[in-house]
Asks: 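Sharing a structure here in structure tokens format.
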Protein chains: 2
Amino acid sequence: MARTKSTTVKDVAAAANVSRATAARALNGYGYVGSEAAERVLEAAARLGYRGNRVAQALRQGGLPIIGFVPGDIQNPFFARVAHDIDVAARGSKHNLLIASSEENLEQERALLDNLRALNVRGMIVAPASANDNLHLARLVREGTPIVLIDRVLDDLPCDSVAVDNEGGAREAVEHLIANGHRRIALIQDDARIVTARDRQAGYINALQAHGLPVDRRLIAVSSSTVQHAIDATIRLFSQPERPTALFTVDSVMTTGALLALRSIGLAIPRDVSLIGFDDFDLATFTDPQITVVAQPVGKIGPVAVKMLLDRIRGLSEPPRHVRFQTRLICRGSVSRIFRPA
Amino acid sequence: MARTKSTTVKDVAAAANVSRATAARALNGYGYVGSEAAERVLEAAARLGYRGNRVAQALRQGGLPIIGFVPGDIQNPFFARVAHDIDVAARGSKHNLLIASSEENLEQERALLDNLRALNVRGMIVAPASANDNLHLARLVREGTPIVLIDRVLDDLPCDSVAVDNEGGAREAVEHLIANGHRRIALIQDDARIVTARDRQAGYINALQAHGLPVDRRLIAVSSSTVQHAIDATIRLFSQPERPTALFTVDSVMTTGALLALRSIGLAIPRDVSLIGFDDFDLATFTDPQITVVAQPVGKIGPVAVKMLLDRIRGLSEPPRHVRFQTRLICRGSVSRIFRPA
DNA sequence: TAGCGTTGAGAGATCGGTCTCACAATGAGT
DNA sequence: ACTCATTGTGAGACCGATCTCTCAACGCTA
């Protein structure tokens, strides 16, 4: 039951009665090859089921036809969608996709990137787990590894990036709540290590300050991006004496958690609490009423990132390019209007 | 801005003033190395940031430290979950995960497997897109490539597999509906090419026949596993003259579609229609009432598959092993009791 | 002191391709 | 007839790491 070793150029060359060099020329279509010899080689290759060994090719030519993708969490629908899009785009240019989830863990991210580097992948698409420590990324960039940052952009890193206007999206959402008379607006966000959390929080704070509202730390809860943590955070926020009248959640998993928690506490949307979530999701049109969200053009991120990466792989040496998509506030039914004395 | 080539053993050896062979011995800890020389090598390696080149290692030793995973669709929460579990398990044994989604397309699956083979991956975990044509898989197995089938098992393929009792789970669900007095029970399923669809349909039919109920082709709709297609299928089923009183959907994406469609038609669950879905999902506990489902132990599939695969990679040559998990019917509120004259 | 085992380390083969270079054969131009 | 360009082909270097083989030095025993 030993693993049968596959046929090599040497086998093909022998079968076609030519040298390895000639076989390679025929198979790859370069240099001068006699048409008769070429035919013999091709026939032999087909007959023996020759496939070529990417590993050997990679060793000679530098780099496996692989693109690495390091998302924060592959189970998060956002990243799953992006992964799918990257996969499709990469396949279009004969690249394979290697996905290694950092699970929002900086140590793990470092190890994974080291790994990808050792594998000599052609390039990487990364959603960095932390805004603080990115020396490992900086080194990769410095060494010349093509890297594109998505979703979370580190400004001091000289490489391409694709993301949405997180600050603007969050600001628009909170301003919408303010415009509807809300003043006690709660926020559930990720650990501030994560860039998007930081930016969306900035949008929240900027909106409040632009309208002369105080920023109350008791209205801000930090949660990791899992349903259970979001439930806990929501319950914490809404069991305070002076209850918030509105809630803004920074990603769809948290919005899901908030929905579940509010239901279990017995608070109705939008009667008791208004809700806006960042990132649209299936569930949002499911509930009654449907949830108002800040939608991002998820489907564009992957393809654009791959395109930029391929440009770099092909040797483009322009200064870093940064793509920013605008978000769109989709008003559904989860925000109520509060009338207050002027 | 040329890509700096990374440091090699040669560099390290030169820096430590020894030969490549000695450097390799020191780095990998085999053979005889003088303690003083070893120290110099290690120091030099650390100083130069030596990392080793997996590609070269793979060429020499046969096989990249990579496990290939070919799911039907990475965006499907089921596969995303399994992918995550595989990733974690694989990382535990120093393997990377390469995900290539077949998108339920047989041609693409063939191309992807060919690709993985050419990359010399150590083994593959596959959810075959089609029950019919699997010569490509058979050849891989014959050649000795370690392969584990998950979710969808092809009985005639001599390799390990991990799946759930699809027939039994579906049968239990339909019997539950029958026990509650339902007789016109509709089914929305995948293309019958897919093994799970076939098995779950078998469970549906077996349940009906065991209770002397006719199998009515008009109650069976085929849909692909996307929300939109499931919506269409549901609408088709429920716009027939004699409307079904119950619906069984074979995966969570379809259940989601069915929910949306029924709501848009204005049919209430469970008053107008009873519903059971295969595979539990977030949404199921979200709706009012919550949805009754056939739950599968999703979290066990990935780890078990990786374990079996690693055994094979390590050279285990026992006959194929087949793991089957039992499903569990979770009764929530989406099934109503119909009383009928005896 | 001859003989032998142990320890240390270098030279070079090897994995499977790709590609440069040298060389031979052919035909065209002067 | 002689130079030259064009074609076709093979020998061998190379990518980076691993590993076998060979050999030298040392110390110990008889």
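Letters A, B, ... mirror the listed sequences (proteins, then strands); counts begin at 1.
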Asks: With DNA chain D as reference, determine whether Arg20(A) or Tyr32(A) sits nearer its 5' end, using the nearest nucleotide of each.
Replies: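 Counting from the 5' end, the first nearest nucleotide belongs to Tyr32(A).
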
Asks: Can you tell me how far P of dG16(D) sits from CZ of Arg117(A), to the nearest Å?
Replies: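 Rounded to whole Å, this separation is 13 Å.
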
Asks: Atom CG of Leu59(A) and atom P of dA13(D): how far apart are they, to the nearest Å?
Replies: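 Value for this atom pair: 17 Å.
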
Asks: Would you say dG16(D) has OP1 or OP2 under 4.0 Å from some side-chain N or O of Thr8(B)?
Replies: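 Checking dG16(D) against Thr8(B), no side-chain N or O comes under 4.0 Å of OP1 or OP2.
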
Asks: Specify the residue among Arg40(B) and Arg60(B) whose closest nucleotide of DNA chain C lies further upstream toward the 5′ end.
Replies: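 Nearest-nucleotide comparison on DNA chain C picks Arg40(B).
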
Asks: Do the side chains of Glu107(A) and Arg110(A) get close enough for a salt bridge, i.e. N-O under 4.0 angstrom?
Replies: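 Salt bridge flag = yes for Arg110(A) with Glu107(A).
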
Asks: Mind checking the OG-CZ spacing from Ser93(B) to Arg314(B)? Nearest 0.5 Å is all I need.
Replies: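 Here the rounded value is 6.5 Å.
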
Asks: Run through Lys94(B), Arg51(B), Arg54(B) and flag the one making a side-chain hydrogen bond (donor to acceptor under 3.5 Å, both in side chains) with Asn115(A).
Replies: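 Only one of Lys94(B), Arg51(B), Arg54(B) forms a side-chain hydrogen bond (donor to acceptor under 3.5 Å, both in side chains) with Asn115(A), namely Arg54(B).
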
Asks: Less than 4.0 angstrom between a side-chain N/O of Asn28(A) and OP1 or OP2 of dT18(C), yes or no?
Replies: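 Yes.
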
Asks: Salt bridge check: are Asp11(B) and Arg47(B) linked by an N-O gap of less than 4.0 Å?
Replies: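 No.
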
Asks: If the cut-off is 4.0 Å, is Gln57(B) near the phosphate of dT18(D), judged by side-chain N/O to OP1 or OP2?
Replies: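 Yes, within the criterion.
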
Asks: Pull out every residue in residues 45-55 of chain B that has a heavy atom closer than 4.0 Å to any atom of DNA chain C, ordered by number, or say none.
Replies: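 Heavy-atom contacts with DNA chain C come from no residue of residues 45-55 of chain B; none.
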
Asks: If you compare every side-chain N and O of Gln61(A) against the phosphate oxygens of dC19(C) (OP1, OP2), does one of them come in below 4.0 Å?
Replies: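 For dC19(C), OP1 or OP2 has a side-chain N or O of Gln61(A) closer than 4.0 Å.
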
Asks: For the side chain of Arg193(A) and the backbone of Ala129(A), is there at least one donor-acceptor N/O pair under 3.5 Å apart?
Replies: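 Between the backbone of Ala129(A) and the side chain of Arg193(A) there is a qualifying donor-acceptor contact (under 3.5 Å).
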
Asks: In whole angstroms, how far is the P atom of dC21(C) from the OH atom of Tyr30(A)?
Replies: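 So the two atoms are 13 Å apart, to the nearest Å.
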
Asks: Start with the C-alpha distance between Val162(B) and Lys300(B), add both sets of side-chain angles, then the distance that settles side chain to side chain contact (heavy atoms under 4.5 Å, CB included), and finish with yes or no.
Replies: CA-CA 9 Å; Val162(B) 187; Lys300(B) 291 182 183 167; over 6 Å; no

Asks: Rounding to a whole Å, what distance do you find between Asn17(B):CG and dG8(C):C1'?
Replies: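 About 15 Å, once rounded to whole Å.
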
Asks: Which part of the nucleic acid, if any, lies within contact of Ala37(B), taking any heavy atom under 4.0 Å across all strands shown: a base, the sugar-phosphate backbone alone, or nothing?
Replies: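 Counting heavy atoms under 4.0 Å across all strands, the contact made by Ala37(B) is with sugar-phosphate only.
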
Asks: Rounded to whole Å, how long is the line connecting atom CD of Glu39(B) with atom P of dG8(C)?
Replies: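 Distance check: Glu39(B) CD to dG8(C) P gives 14 Å.
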
Asks: Expressed in angstrom and rounded to an integer, what is the separation of Arg25(A) atom CZ from dA11(D) atom P?
Replies: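 The distance from CZ of Arg25(A) to P of dA11(D) comes to 11 Å, rounded to the nearest Å.
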
Asks: Please report the distance, rounded to the nearest Å, between NZ in Lys10(B) and C1' in dT18(D).
Replies: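 In whole Å, dT18(D) C1' lies 16 Å from Lys10(B) NZ.
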
Asks: Can you confirm whether more than 12 heavy atoms, excluding those of Glu39(A), are under 6.0 Å from its CD atom?
Replies: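 Counting neighbours around CD of Glu39(A), 12 or fewer heavy atoms of other residues, nucleotides or ligands fall under 6.0 Å, so no.
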
Asks: Check whether any side-chain N or O of Thr22(A) sits under 4.0 Å from OP1 or OP2 of dG10(D), and answer yes or no.
Replies: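 For dG10(D), OP1/OP2 do have a side-chain N/O of Thr22(A) under 4.0 Å.
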
